Amino acid sequence: MTAEQATPALTRVAREEGGRLLALLTDRLGDIEAAHDSLQEAYAKAAATWADEGVPRDPAAWVYVVARNAGIDRLRRDAAAGRRAAAEARVLETAVADAVGDDGHDGAGDRGAGDARIAELTEVGDEQLRLLLLCCHPSLSRDTQVALTLRLAGGLTTQEVAAALLVPEATVQQRIVRAKRKIRTANIPLVVPADLHERAGVLATVLGLIFNEGYVAHSADAGTLTRVDLADQAIRLTATAADALPDEPELAGLLALELFHRSREAARTDPDGALVRLADQNRSLWDRVMIARGFTVLAQAMAQRRLGPWQVQALIAAEHARTPTDWARVLRYHDLLLSMSPGPVARLARAVAVAEVDGPAAALAQVDDIDGLDRYHLRHAVRADLLERLGRTSEAAREWDRAAALAANPAEAAYAARRAREVGPQT
């Protein structure tokens with residue numbers, strides 16, 4: 001087997017199982033930084049070993065065992081050098097005891113296939129939730145909470161986190177390093193806190209960002225409109241969080257929103273991979289089972305009568321799932337959302353609804369009154385569409401060109417460029 005053949009399997013493990021593996025290792029080793037370093041070491045070893053020996057029967061278990069053993073070795077060295085406190089020594093003792101078999105050998109036999117630890121990988125729900133909540137600790141700044149959770153628990157690369165947060169990669173890397181250092185020096189425990197409300201709000205924000213990165217991929221090598229694996233991972237994480245925290249209706253609202261959006265996947269692009277806007281999508285391709293699940297989850301959230309922004313966004317998405325869309329109702333929901341979460345992006349989304357209720361001229365006036373979105377491609381796309389509807393095609397073409405230049409996703413960029421050609425001067 002070549003390295004090229006082994007890479008896809010390793011990529012799947014890192015993407016789909018990375019968050020769960022890190023949660024298990026953090027729980028086992030008692031140190032998020034040691035767990036992260038050990039996991040990276042295991043990935044490197046897998047890249048070399050699998051190319052020569054083949055992909056193991058359970059790749060995730062293999063990576064976990066190698067990372068766990070690397071972490072144990074790391075703790076042993078640190079303890080011997082006097083760089084660990086008494087509490088870390090106790091973690092070391094427990095971990096070493098777990099790694100040593102009843103016959104007194106060092107467990108080398110399980111470093112390959114990992115059969116003895118496969119069962120552990122099915123018991124990661126609580127650990128993963130605790131890792132998510134650890135990353136959202138209130139002693140960390142909001143920006144750091146989001147970046148850390150996306151990187152460690154969400155499985156995004158530093159580049160993808162930077163794209164999701166619209167900040168430079170170096171900024172994200174710095175936030176993550178500082179956060180891990182703070183967790184370590186402050187000895188922040190990997191536990192479920194007594195007061196979950198504030199932490200659950202940050203968790204919902206983070207999970208929403210993970211889903212958004214999957215729904216409209218920003219990474220340079222995405223190649224497609226959607227990274228289905230990442231979007232589905234976000235849905236799984238959100239469902240886990242919503243089930244574990246049933247008294248937090250915003251998590252259920254977020255889950256409903258994700259389900260409504262995900263249900264349209266088959267209709268979002270044409271057979272050539274070109275973007276199809278919502279108004280032009282073939283609704284017969286929408287996943288009706290997923291839509292029904294979205295309505296059920298949303299109803300459960302709203303039954304708690306604690307309406308929040310994620311639930312309102314889900315209400316908007318639910319309205320688009322109906323035929324025909326009641327745009328007056330959608331506009332009222334946007335008014336409500338803007339009162340809860342004011343900001344330029346929320347105002348832009350509201351302007352789209354205004355165009356359907358009061359016409360493109362009224363909507364364009366509102367878009368032109370929004371500051372701070374000059375480098376946001378959707379602002380130029382919305383403005384281009386409104387100008388086109390008003391017959392101002394030359395201006396529309398320029399706006400479509402601007403949207404194409406700013407769009408990170410290739411499908412969105414191609415769509416905007418095509419519209420620019422269609423409405424531009426004909427020669």
Side-chain angles (χ1 to χ4, degrees), residues 150 156-157 159-169 208-234 257-258 260-283 285-286 313 316-317 320 343-353 355-356 360 363-364 367 370 372-389 393 395-424:
L150 285 169
L156 274 67
T157 65
Q159 177 189 8
E160 291 162 350
V161 175
L165 301 181
L166 302 177
V167 298
E169 282 188 60
L209 282 168
I210 296 172
F211 179 80
N212 286 342
E213 173 60 29
Y215 191 64
V216 180
H218 291 91
S219 57
D221 59 349
T224 59
L225 178 64
T226 306
R227 286 175 49 198
V228 173
D229 59 335
L230 187 56
D232 288 346
Q233 180 192 38
L257 176 65
E258 293 171 347
F260 287 133
H261 284 330
R262 184 71 177 83
S263 71
R264 301 197 293 264
E265 183 58 36
R268 295 179 68 216
T269 56
D270 66 16
D272 296 324
L275 175 69
V276 179
R277 65 178 184 172
L278 178 61
D280 298 329
Q281 289 177 12
N282 180 356
R283 295 191 172 212
L285 298 177
W286 290 3
Q313 291 182 66
I316 294 171
H320 288 305
V345 175
R347 292 179 62 191
L348 180 66
R350 181 185 183 277
V352 174
E356 301 301 324
L364 182 61
V367 171
I370 300 174
L373 295 181
D374 188 57
R375 297 195 59 78
Y376 185 47
H377 72 287
L378 290 181
R379 186 237 185 219
H380 297 281
V382 169
R383 196 168 188 276
D385 185 69
L386 296 174
L387 288 167
E388 190 176 338
R389 290 165 66 176
T393 55
E395 295 173 82
R398 288 194 293 272
E399 286 293 300
W400 281 123
D401 278 333
R402 182 66 171 156
L406 291 171
N409 183 275
E412 288 189 316
Y415 175 82
R418 189 189 77 212
R419 292 291 294 272
R421 292 192 299 270
E422 291 173 349
V423 304

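Just so we're clear, the structure is a prediction, and the values are computed from it rather than from any experiment.
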Checklist entry - Hey, mind stepping through L285 and R268 against side chain to side chain contact (heavy atoms under 4.5 Å, CB included) and telling me if it holds? => result CA-CA 9 Å; L285 298 177; R268 295 179 68 216; over 6 Å; no

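Within the model, atoms CZ of R262 and OG1 of T226 stand 7.5 Å from one another, a figure rounded to the nearest 0.5 Å. Rounded to the nearest 0.5 angstrom, F260 CZ and Q313 CD are separated by 13.0 Å. Here the OG1 atom belonging to T393 is positioned 9.5 Å from the CZ atom belonging to R398, to the nearest 0.5 angstrom. Note: Y415 OH to R277 CZ = 4.5 Å, rounded to the nearest 0.5 Å. Here the CG atom belonging to L275 is positioned 10.0 Å from the CZ atom belonging to R419, to the nearest 0.5 angstrom. A distance of 6.0 Å separates CG in L278 from CZ in R283, rounded to the nearest 0.5 Å.
Residues E356 and R389 are paired through a salt bridge, judged by an N-O separation under 4.0 Å between the basic side chain and the carboxylate.
The main-chain N or O of A267 is never found under 3.5 Å from a side-chain atom of N282 such that the two would form a donor-acceptor pair. Between the side chain of Q281 and the backbone N or O of V276, at least one donor-acceptor pair lies under 3.5 Å.
Exactly one of V382, L378, L348, V367 qualifies for a side-chain contact (heavy atoms from CB on, under 4.5 Å) with L373. That residue is L348.
In this structure D272 satisfies the side chain to side chain donor-acceptor pair (under 3.5 Å) test with no other residue, sequence neighbours excluded. The side chain to side chain donor-acceptor pair (under 3.5 Å) search around E399 returns H380, not counting sequence neighbours.
In terms of heavy atoms, W286 sits closest to R264 at CZ2-CD, 3.2 Å. Summarising the geometry of I210 relative to A234, their closest heavy-atom pair is CG2-CB, 3.7 Å, with the distance given to 0.1 Å. The two atoms that bring I370 and R379 nearest to each other are O-NH2, 4.4 Å, heavy atoms only. In terms of heavy atoms, A404 sits closest to A416 at N-CB, 3.6 Å.
Between W400 and E388, the side chains place a donor N or O and an acceptor N or O closer than 3.5 Å (distance only, hydrogens not considered).
Classified by interplanar angle (parallel below 30°, tilted 30° to 60°, perpendicular above 60°), the ring pair F211/H261 is parallel.
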